[in-house]
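In what follows, every chain begins at residue 1, and chains take the letters A, B, ... in the order their sequences are listed.
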Amino acid sequence: MSELRELSPGRLAWLRFRRHRLAMIAAGVLVVLYLLAMFCEFMSPYTPQQRNARAINAPPMDIRFFDAEGQFHLRPFVYDLELTINPDTWMREYEENTSIAYPIRFFARGEPYEFWGLFEADRHLFSVDPDGSGYIHWFGTDSLGRDMYSRVLYGARVSLSIGVVGVGLTLFLGVLLGGFAGYLGGMFDSAVQRMTEVLQSIPTLPLWMALSAALPAAWSPITTYFGVTIILSLFGWTTLARQVRGRFLAMREEDFVIAARLIGANDTRVIFRHMLPSFTSHIITTATLAVPAMILGETALSFLGIGLRAPVVSWGVLLQQAQNYQVIVMTPWLLLPGAFIVITVIAFNLLGDGLRDAADPYSSLREQ
Amino acid sequence: MSESLLSIKNLSVEFKTELGKVNALNEVSFDVPRNSITAVVGESGSGKSVTSNAILRLLPDTAQISGEIILNPQGEDPLNITSLDERDPRMQNLRGGLVSMVFQEPMTALSPVHRIGDQVAEAVLCHRDVSPEVAMAEAATMLEQVGLTEVDKKIRMYPFEFSGGMRQRVVIAMALICHPQLLICDEPTTALDVTIQAEILVLIKSLQRKLNNSVLFITHDLGVVAQIADRVVVMYDGQVMESGSVRQVLKNPQHPYTRHLLASIPGAVTDSGSQLHAANWSDGAPIGAGTFLADAEEGRQVREFSQ
Amino acid sequence: MRKYVLRRLLGMIPTLAIISILVFTVIQLPEGDIVTSTLDRLSATGVDLSDERIQNLRAQYNLDQPLFVQYLAWIGNFITGDMGFSYLYAQPVNELVWERLGYTLLITVCALLFTWLLALPIGIYSAVRQYSIADYGFTTIGLIGLATPNFLIALILMYLGYTWFGLSFGGLFSPEFLNTPWSWARFVDMLAHLWIPVVVIGTSGMAITMRLMRANLLDELKKPYVITARAKGVPPLKLLLKYPVRIAINPFISTIGLLLPALLSGEAIVGVVLNLPTTGPLLVQSLITQDMYLAGSLIMLLSVLTVVGMLLSDLLLAWVDPRVRYERA
């Protein structure tokens with residue numbers, strides 16, 4: 001009882017968030033993922049379209065510190081893969097060739113790339129000997145001998161950014177339409193309400209599919225990217241709009257809003273200066289929880305072949321290779337992008353939960 | 001049968017919270033005699049509701065109870081409520097059978113999706129082995145006793161179709177249907193309109209006379225105490241300030257806090273009341289909902305008491 | 001009540017009208033129209049039509065009319081049951097969709113029931129034993145289910161099925177029953193296949209249902225009527241099920257309407273992966289090949305299904321919750 005400290009709301013929110021250990025971990029995971037995606041050219045040992053004819057459909061290679069004789073090496077290495085044909089099944093199989101080791105070099109020179117389209121570079125975070133004889137594919141390769149790890153990172157750039165850009169658009173639409181509907185009421189409100197109802201009663205995926213399919217095939221990858229993002233947000237704003245509208249309806253009658261109006265603030269000012277800030281935290285939380293839906297949407301569309309298309313690399317496009325079970329059984333590592341999707345979505349959900357609890361001034365510090 | 005129906009001895013309750021332990025009740029002791037109405041009076045946060053909830057063991061899991069609550073029911077063995085286990089069959093008999101409760105909020109104390117008749121009859125079915133039809137008939141009789149008209153129609157209605165006063169009558173009927181020896185009323189009139197308040201008070205008093213049971217009446221309103229109670233217990237900050245017969249306590253308050261409480265009733269004048277400050281009657285009062293030290297605070301208190 | 005039903009039924013009409021306009025717009029989006037794409041196809045096989053034939057074709061499909069006339073013709077035909085002609089399958093859309101729609105509905109309803117039968121009890125348990133190990137465990141499983149795209153679950157199931165049991169999943173029937181008439185054996189065979197899509201689609205809704213049930217029940221458990229019931233001596237388990245659970249379940253009836261679009265979406269993609277004879281694969285095919293009559297009809301039918309599902313769930317809610325009935329009567 002003795003130590004009743006006085007804490008600012010922001011400080012309390014931060015304390016509550018920090019108590020959320022899972023949310024902290026999730027935030028860390030997301031930071032790592034986004035860094036990997038941002039600097040994917042540097043982080044990945046290869047470029048996404050680079051083919052390795054000596055390792056087609058190769059399984060993930062183990063990164064080792066101990067060699068076949070059990071001797072420890074400070075510098076990790078991978079063993080060469082040797083292609084064998086299984087005499088029973090006539091399948092291509094790879095075996096480790098322990099006589100050839102490729103030590104891993106950090107900050108090694110490799111395939112040149114254009115970093116962010118700004119300057120040329122050829123340094124990679126890690127690679128094997130740059131003379132071209134060795135290779136490292138610790139996520140395996142696909143049917144064209146392309147490095148899955150590099151492709152996952154390049155795919156992350158597209159999939160992760162689509163989530164954020166899409167949610168940005170969703171927020172814009174949701175707050176704008178929901179805000180004005182709740183604030184102005186009347187005809188505009190009814191129209192938005194009706195629209196929300198209609199959009200929520202159409203199965204989203206089929207409609208997304210129809211719209212994406214309508215994107216001209218001739219569009220450049222970047223245009224298609226934005227096309228798909230807009231399609232995803234076009235139907236995502238309804239939930240947020242409903243929430244914002246509800247809050248605005250309630251808040252419209254509150255004293256501080258009436259006071260602002262009495263001193264002559266116009267509608268836009270009242271909405272954006274007085275009403276919106278009072279539930280920004282709520283909006284941030286909703287936005288965080290909306291990102292996964294976007295990522296999953298993009299993945300689903302690309303997986304079906306009607307969203308982003310090769311040569312664009314996204315997690316959905318990568319998974320498209322694994323559409324039938326023969327492929328999955330032969331090369332299960334092609335499902336690895338799926339693991340990244342799962343981790344990302346879980347992380348966003350945990351982060352959103354943490355933010356929600358932190359933003360709620362009535363949530364107790366005791367509950368984790 | 002000289003002993004009291006209920007005697008509370010050194011009852012302490014602590015709540016575990018994120019800021020450490022909070023002491024809600026501190027060594028509370030008082031008796032509830034048979035065939036009478038005992039009022040517990042005190043401001044918000046004084047621990048009167050905690051006391052009443054402790055008697056039925058309705059406190060949340062975060063509460064730690066120590067001390068004794070002894071119930072001496074007529075025709076049954078005495079019962080130490082604080083030592084009862086939640087799964088003990090005597091607990092079922094206690095709740096709604098020997099002791100029952102009327103709550104503050106009649107608007108939410110009833111389940112919104114069950115019919116009135118079913119909710120009242122359920123109390124019978126929980127305690128006696130009778131058919132649903134019998135239980136329903138008893139419920140109808142009881143509802144008539146608490147002053148509902150057209151009971152045949154009303155038992156098939158839902159709570160949201162009732163007014164606050166009617167709902168509170170239903171809650172009282174539900175509490176009394178198994179003829180409990182002790183009826184706890186936790187501020188049963190606070191949420192009601194003034195005219196309805198009076199009706200409910202009259203109802204509780206007349207039913208007490210008719211059924212010869214005891215009532216423990218929780219309130220913050222000394223006016224209500226004067227109107228209804230035989231005995232009164234004054235509580236502040238989890239402690240009993242003083243107790244005695246209503247006449248004795250109201251006419252000749254011993255404790256400074258009681259005098260202060262009396263003084264805060266608008267229109268009532270005592271010689272020393274308005275000059276009193278909390279520090280005079282309780283040293284080192286901890287910060288809590290019940291503290292009032294400054295004059296500005298007194299205004300709030302007065303408003304609260306005169307509601 | 002009857003008035004409420006009638007009002008809701010009438011309320012469906014504008015919703016469906018707006019949806020149909022939306023769908024029509026979407027199927028108009030791709031460049032060119034049916035006639036030009038037919039011409040492309042025909043000229044690819046070396047056939048060239050005369051200008052007069054082309055004009056006739058355009059007239060036949062009302063393509064020479066303004067857009068709203070085209071829309072009216074389309075929706076008019078749709079209502080009377082004529083959904084146009086699929087170029088992909090060279091069949092009237094009518095003959096293609098109904099059986100598939102039936103399977104879609106079957107799988108979706110089963111998935112909904114599966115979700116509820118599993119998620120509601122778990123949600124109740126999690127709320128009652130808040131912060132227990134089991135509570136955390138269920139939350140974790142639910143979260144993973146929520147985060148894993150439907151098609152990925154299907155793919156993983158296929159992989160595990162093959163590597164562990166040597167089974168190849170997919171389809172709704174074993175090859176020997178594929179084109180046989182309905183019989184008891186065929187029905188049993190279908191059930192043996194049906195559970196896979198049902199589990200896969202149901203899993204995604206599991207987490208949200210569990211969490212909602214847990215949150216709803218935690219809210220209800222704090223309400224005074226629960227204490228009232230405790231105070232009158234209702235035994236704990238009976239109390240839990242009769243009061244808070246009963247009330248916490250009510251909102252779920254209305255979430256059928258919200259869950260249904262998600263389940264239908266899930267079905268669309270799982271149908272493709274598992275190669276089911278449902279609307280999903282048909283829709284994907286029709287969209288990829290721009291068989292827009294087929295695509296439009298499918299989306300429209302799925303929307304009608306959702307709107308009707310929402311209506312039913314609202315009516316069900318009014319039926320079980322007296323408060324709703326009272327408000328809306």
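Shown here are the side-chain contact (heavy atoms from CB on, under 4.5 Å) partners of A293(A), two or more places apart in sequence or in another chain: there are none.
The distance from the CE atom of M209(A) to the OG atom of S265(C) is 9.0 Å, given to the nearest 0.5 Å. Atoms CG and CD1, on L143(C) and I346(A) in that order, are 5.0 Å from each other to the nearest 0.5 Å. Atom CD1 of residue I19(C) and atom CD of residue E197(A) lie 10.0 Å apart, to the nearest 0.5 angstrom. Here the straight-line distance linking atom CG of L152(C) with atom CG of L335(A) works out to 6.0 Å at 0.5 Å rounding.
Within the 4.5 Å cutoff, the side chain of L22(A) has no heavy atoms near those of the Y136(C) side chain. Residues R194(A) and T15(C) are in side-chain contact: their nearest non-hydrogen atoms beyond the backbone lie under 4.5 Å apart. You'll find the side chain of F151(C) reaches within 4.5 Å of the side chain of T299(A), heavy atoms only. I341(A) is listed as a side-chain neighbour of P149(C), based on a closest heavy-atom distance under 4.5 Å.
Heavy-atom pairs under 4.5 Å with chain C were tallied for G305(A), A300(A), P292(A); the largest tally goes to A300(A). Among the candidates P261(C), G296(C), A147(C), the residue making the largest number of heavy-atom pairs closer than 4.5 Å to chain A is A147(C). Between chain C and the residues I306(A), L304(A), I295(A), the most heavy-atom pairs under 4.5 angstrom are made by L304(A). With respect to chain C, the highest number of heavy-atom pairs below 4.5 Å among P332(A), S212(A), A339(A) belongs to P332(A).
Crowding of L10(C) atom CG: a count of heavy atoms from other residues, nucleotides or ligands under 6.0 Å exceeding 12. The 12-atom threshold is exceeded at CG of L212(C), counting heavy atoms of other residues, nucleotides or ligands nearer than 6.0 Å. Around atom CZ of R242(A), no more than 12 heavy atoms belonging to other residues, nucleotides or ligands sit under 6.0 Å away.
Proximity to chain A (any heavy atom under 4.5 Å) is shown, for L146(C), by both the backbone and the side chain. Both the backbone and the side chain of V284(C) have a heavy atom closer than 4.5 Å to some heavy atom of chain A. For a residue to count as touching a neighbouring chain, one of its non-hydrogen atoms must lie under 4.5 Å from one of that chain's; by this rule L199(A) touches chain C with the side chain only. Only the side chain of L296(A) has a heavy atom closer than 4.5 Å to any heavy atom of chain C. Only the side chain of L350(A) comes within contact range of chain C, with heavy atoms under 4.5 Å apart. Using a 4.5 Å cut-off between heavy atoms, L211(A) contacts chain C through both its backbone and its side chain.
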- Evaluate the criterion side-chain contact (heavy atoms from CB on, under 4.5 Å) for residue pair Y162(C) and I328(A); output intermediate values, then yes/no. CA-CA 10 Å; Y162(C) 188 85; I328(A) 310 167; over 6 Å; no
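Listed by sequence position, I299(C), L302(C), S303(C), T306(C), V307(C) are the residues of residues 298-307 of chain C in contact with chain A, using a 4.5 angstrom heavy-atom cutoff.
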